[in-house]
Amino acid sequence: MQIRFRPPLWIPAALATSVLSAPPASSPTDAFLDASRGRWEEVSDRIWDYSETALQEKKSAELLAGILEKEGFTVTRGVAGMPTAFVASAGSGAPVVGILAEYDALPGLSQKGGEAQKSPRVAGGAGQGCGHNLFGAAAVAAAVAANQARIAGKLPGTIRLFGTPAEEQLIGKPFMLRDGVFAGTDVVLVWHPAASTYVGTKPRLAITAVDVEFFGKTAHAAANPWLGRSSLDAVELFDHALALMREHILPTARVHRVIKDGGLAANIIPDYARVQWFVRDATGASVTEMLGRMRKAADGAALATETTATVTVLGGTREPIYNDALSRAVQKELDRVGPPRFDAADVALAKAIQKEVGIPETGLVDKVLPYGPGNGGEASSDIGEVSAALPLAELSVATGPAGSPWHHWAVTSCSASPIGRKGMLVAAKVLAAATVDLLNDPKTVDAAKDEFVKSTGGRPYVSPLAKDAVPKTY
């Protein structure tokens, strides 16, 4: 089967080649992961097959939690009011190294694995269009491998695996942070499937998701339309205002929407309409400024159409703060392990997908990008909230064709293919080895914590969520 992929940014053709370099040097965690590779591929494929969306990941979460429990971890399920969120812990004392796992799918992205053309498995069904099946499987594999090395080496410290659901709706990690689930953790490692292989230095975008609702009056659209006030007219006017606003926002900003409710019948003037907007930019401050302008536009559209408007914040996350000391520790292991070792069949599939999608047929990126500024993409993730509370490093590993679109059937296809599986193994090896390094070297953990205090000004983490907020999908 084959894996899917999400590209953080366009990859120059000079970095995309056909076949990978020689195998990397091995380590105890490498040896375990090589020997158990089939097990983790099966886990990934099962999560891909489940394709459960936000807060519905019951089978996926139980699969991962059950594996960890059998491997000697103490597992607490249903944390932070979410049945599909869990924490698994092994060892005792400091340092406490956390690893994040995600496993939610996306609606409407069902696709057969390893196919170069759009071919849904289930019409209208969900699919792993962001590679979170690979994400969750590799994170758990890394935790198990690192824990075996901890036991064998009689190392001090604790390994914690955080099962974080509903990342695509920015829900899981913020609620887990608000409810103290991460308390006592020293540092956190995370990875994500991508178009190339690197350690993140360019922060992802901050984001806030909002519902904008308009309330009007119904009437017969032909017999007495003058008695009605159309909430759909208000949505259209509001959308036009936001379209004009796009000329006057920063180049780094992204605003996009979907109309969730536009009325019930064409001959009834709708008294209710709702549009959902995502607002992104490089900083949370800029997102807040744009939200203020959005509220004014909503009020203006309501005034012009004699309706009323309500703007409700649904969720969001700030931009990540990448920890240099921790990131360099991950980069050291990434340089040692090396990139995924793709073969000719992998390259052929990648080029076939690129041709179908209509992007340059450059194949796959088989290089590790050197550590430095600019490594990252434009997507958002609730790891931003974690990075505001704890030192965090993020690894990205190539699991699909260079330049291909993310949240797309092509990624679903690659997420159940040899391309994705090979990237997943690299991620597991790097995370496992880096975790063992941190257990062996408390000084690096201390340096990461000192850097975190400086980067945050020593300010304690404050949750953006209300105390009475409850996790729910939107």
Side-chain angles (χ1 to χ4, degrees), residues 28-29 32-33 36 39-40 43 57 60-103 135-165 167 172-191 326 329-330 382-383 385-387 389-393 427-428 430-442 444-446 448-449 452 461:
T29 51
F32 168 78
L33 290 167
S36 59
R39 178 188 187 188
W40 308 116
V43 170
E57 318 96 324
S60 302
E62 184 53 39
L63 173 63
L64 297 177
I67 290 169
L68 290 161
E69 208 163 43
K70 290 177 181 177
E71 292 289 343
F73 285 73
T74 299
V75 179
T76 304
R77 296 169 171 83
V79 299
M82 294 175 286
T84 55
F86 66 90
V87 181
S89 182
S92 62
V96 181
V97 181
I99 301 173
L100 303 183
E102 297 173 10
Y103 30 85
F135 189 154
V140 169
V144 170
N147 189 50
Q148 291 200 2
R150 179 192 66 81
I151 294 170
K154 298 181 180 180
L155 301 177
T158 306
I159 299 169
R160 286 184 185 161
L161 188 291
F162 296 92
T164 66
E167 185 277 334
K173 300 175 191 65
F175 276 97
M176 293 170 76
L177 284 161
R178 186 200 65 177
D179 291 358
V181 175
F182 284 87
T185 306
D186 290 312
V187 295
V188 175
L189 305 179
V190 63
W191 88 285
L326 201 57
V330 175
D382 58 7
I383 66 166
E385 285 304 300
V386 180
S387 77
L390 296 163
L392 177 141
V430 174
L431 290 181
T435 298
V436 173
D437 289 346
L438 294 169
L439 295 178
N440 268 313
D441 184 15
T444 298
V445 174
D446 290 341
K449 293 168 72 174
F452 176 77
Y461 173 75

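Using a 4.5 Å heavy-atom cutoff, the side chains of Tyr103 and Leu64 are in contact. Side-chain contact between Val190 and Ile99: absent, with no pair of heavy atoms (C-beta onward) separated by less than 4.5 Å. Between Ser36 and Trp40 the shortest side-chain heavy-atom distance falls below 4.5 Å. Between Leu161 and Val87 the shortest side-chain heavy-atom distance does not fall below 4.5 Å. For the pair Leu392 and Ile383, the minimum side-chain heavy-atom distance is below 4.5 Å. Using a 4.5 Å heavy-atom cutoff, the side chains of Leu189 and Val430 are not in contact. Annotation: side chain of Val97 is not in contact with side chain of Arg160 (no heavy-atom distance under 4.5 Å). Trp191 has its side chain within reach of Leu431: a pair of non-hydrogen atoms, C-beta onward, lies under 4.5 Å apart.
Between atom CG of residue Leu63 and atom CG of residue Leu68 there is a gap of 9.5 Å, rounded to the nearest 0.5 Å. Expressed to the nearest 0.5 Å, how far CG of Leu155 lies from CG of Asp441 amounts to 11.5 Å. Between the CZ atom in Arg39 and the CG atom in Leu33 there is a gap of 10.5 Å [rounded to 0.5 Å]. Rounded to the nearest 0.5 angstrom, Thr29 OG1 and Asp437 CG are separated by 8.0 Å.
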>> Is there a side-chain contact (heavy atoms from CB on, under 4.5 Å) between Asp179 and Val79? Walk through the geometry before answering.
In response: CA-CA 8 Å; Asp179 291 358; Val79 299; over 6 Å; no
> Where do Arg178 and Glu385 land on the salt bridge (charged side-chain N to carboxylate O under 4.0 Å, His left out) test, with the steps shown first?
Replying inline: CA-CA 10 Å; Arg178 186 200 65 177; Glu385 285 304 300; over 6 Å; no
>> side-chain contact (heavy atoms from CB on, under 4.5 Å), that's the test. Do Val187 and Leu438 meet it? Break it down for me.
In response: CA-CA 9 Å; Val187 295; Leu438 294 169; 4.0 Å; yes
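When all heavy atoms of Gly163 and Pro165 are compared, the pair lying nearest together is O-CD, 3.4 Å. The heavy-atom pair separating Leu439 from Gly157 by the smallest distance is CD2-CA, 4.0 Å. Considering every non-hydrogen atom in both Val436 and Ala149, the closest pair reads CG2-CB, 3.8 Å.
Under the 3.5 Å distance criterion, the side-chain polar atoms of Thr158 are matched with a main-chain donor or acceptor of Gly93. A donor-acceptor pair under 3.5 Å is absent between the side-chain atoms of Asp186 and the main chain of Pro95, judged by distance alone.
Salt-bridge check for Glu102 with Lys173: passed, with a basic side-chain N closer than 4.0 Å to an acidic carboxylate O.
Listed by chain and number, the residues in a salt bridge (charged side-chain N to carboxylate O under 4.0 Å, His left out) with Glu57 amount to none (sequence neighbours excluded). The ring-ring contact (aromatic ring centres under 6.0 Å, His included) check on Phe162 picks up Phe182, with sequence neighbours excluded.
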May I have the list of side-chain donor-acceptor pairs in residues 135-147 shorter than 3.5 Å, sequence neighbours left out?
{"unit_1": "Asn147", "atom_1": "OD1", "unit_2": "Arg150", "atom_2": "NE", "d": "2.8"}
{"unit_1": "Asn147", "atom_1": "OD1", "unit_2": "Arg150", "atom_2": "NH2", "d": "3.0"}

